[in-house]
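For reference, the structure is listed below as structure tokens.
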Amino acid sequence: MTRLNNSPIGFFDSGVGGVTVFAQVKKLLPNENYIYFGDTKNMPYGEKTPEQLVEFAVNIFDFLKSKNVKAVVMACNTTSAVVYDKIKDKYPFEIYPIIQPVAKKISKLPEKRIGIFATQATVNSHCYKHELQNNNPDIEVFEVPCPSWVKIVENGEENTTSARTAVKEKMDEMLKFKPEKIVLGCTHYPYLLGVLSEFAPQDMFINPSVEIAGIIKDDLWTKNLLNNQDREGTEEFYVSANPEKFQKSASIFYEIKSTPALKNFI
Ligand code: DGL
């Protein structure tokens with residue numbers, strides 16, 4: 001099938017996290033057509049093996065390919081860290097991982113002590129650390145895994161006492177490193193910004209969703225792949241389980257109208 005300017009842009013994440021990226025891209029590119037897939041049946045990805053993560057990603061990429069996408073945004077840090085290198089040349093469309101281009105941008109900042117909050121699998125890969133230090137060897141990186149945060153967000157429990165306790169525990173650990181900037185290295189974490197900013201000024205946190213949206217827009221423009229229609233584009237959201245919960249939890253960032261659950265996903 002030919003990929004055209006009006007072919008959709010695909011997004012994928014383990015759940016509602018990628019909606020933080022989708023909402024930013026949609027703000028910049030309202031006329032594009034979009035397809036989002038949240039793998040809510042298999043989340044949390046941060047606790048999965050590299051083999052499992054590749055299997056999930058291939059399955060979802062094949063689905064997005066069948067929808068004739070012109071590009072796919074890996075709106076998931078864990079997959080960008082563990083899977084991107086393995087599949088980046090296997091599909092006939094643009095693939096945008098989140099960590100690699102964002103780390104490049106961060107490495108140009110004046111701040112040199114960078115903290116990373118991420119899933120266990122992302123921390124195990126040291127993808128942020130490698131990408132930041134390959135671009136700038138003077139950067140010091142401190143990575144803190146936050147395994148409990150993803151479920152708090154998927155369950156819409158950001159404003160509970162247990163969320164505050166879970167965030168405080170990790171912030172205490174992080175602040176000992178005296179970071180100048182802290183990267184929210186999992187797309188679910190921006191949902192916790194309200195709680196996080198009780199412990200450090202909001203401008204200390206870097207939300208990669210904001211950075212990546214501009215990078216995607218510029219790249220599609222350079223490759224002459226933008227949709228030039230002069231009306232708002234379409235959007236389709238799919239999940240592999242629990243569509244109502246997905247819609248409700250995502251609503252902090254985006255009002256989703258309908259979310260069919262696709263049955264035949266592993
Ligand atoms: N939101 C994903 C990320 O950015 C994965 C979270 C998870 O399912 O553990 O890493």
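When a ligand or atom number is given, it counts from 1 through the structure's own listing order.
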Response to the item:
Here the gap from Glu154 atom CD to Lys151 atom NZ, rounded to the nearest 0.5 Å, amounts to 10.0 Å

Worksheet item: Would Glu198 and Arg164 pass as an ion pair if we require N to O under 4.0 Å?
Response: yes

Worksheet item: What part of Val150, side chain, backbone, both or neither, has a heavy atom within less than 4.0 angstrom of ligand 1?
Response: side chain

Practice prompt. Group every Ile, Leu, Val, Met, Phe, Trp and Tyr by side-chain heavy-atom contacts under 4.5 Å, then state whether Phe142 and Val123 land in the same group.
Written response: no

Fill in: Atoms of ligand 1 close to Thr119 [distance to a heavy atom under 4.0 angstrom, numbered from 1]
6 (C), 9 (O), 10 (O)

Practice prompt. Dump the intermediate steps for ring pair (Phe, Tyr, Trp, His ring centres under 6.0 Å) on Trp149 and Phe117, then the final yes or no.
Written response: CA-CA 10 Å; Trp149 291 10; Phe117 281 137; 4.9 Å; yes

Item to complete: Output yes when the distance from some N or O of ligand 1 to some N or O of Gly46 is under 3.5 Å, and no in every other case.
Response: yes

Item to complete: Identify, by atom number and element, the atoms of ligand 1 in contact range of Thr78, meaning under 4.0 Å from any of its heavy atoms.
Response: 3 (C), 5 (C), 10 (O)

Fill in: Passing candidate, ring-ring contact (aromatic ring centres under 6.0 Å, His included) with Tyr238, options Phe63, Phe246, Phe37
Phe63

Fill in: Side chain, backbone, both or neither: the part of Ser14 lying under 4.0 Å from ligand 1 by heavy atom
side chain

Worksheet, complete the sentence: The reported gap from CD1 in Ile9 to CG in Asn227 (rounded to nearest 0.5 angstrom) is 8.0 Å

Worksheet item: Is there a nitrogen or oxygen of Thr122 sitting under 3.5 Å from a nitrogen or oxygen of ligand 1?
Response: no

Fill in: Plane angle bin for Phe22 and Tyr34 - parallel if under 30°, tilted between 30 and 60°, otherwise perpendicular
perpendicular

Response to the item:
If you scan protein heavy atoms around atom 7 (C) of ligand 1, the nearest is Tyr45 N, 3.2 Å

Discussion item. As an exercise, identify every atom of ligand 1 less than 4.0 angstrom from a heavy atom of Asp13.
Written reply: 1 (N), 2 (C)

Item to complete: Could you check atom 3 (C) of ligand 1 against the protein and tell me its nearest heavy-atom contact, residue, atom and distance included?
Response: Asn77 N, 3.3 Å

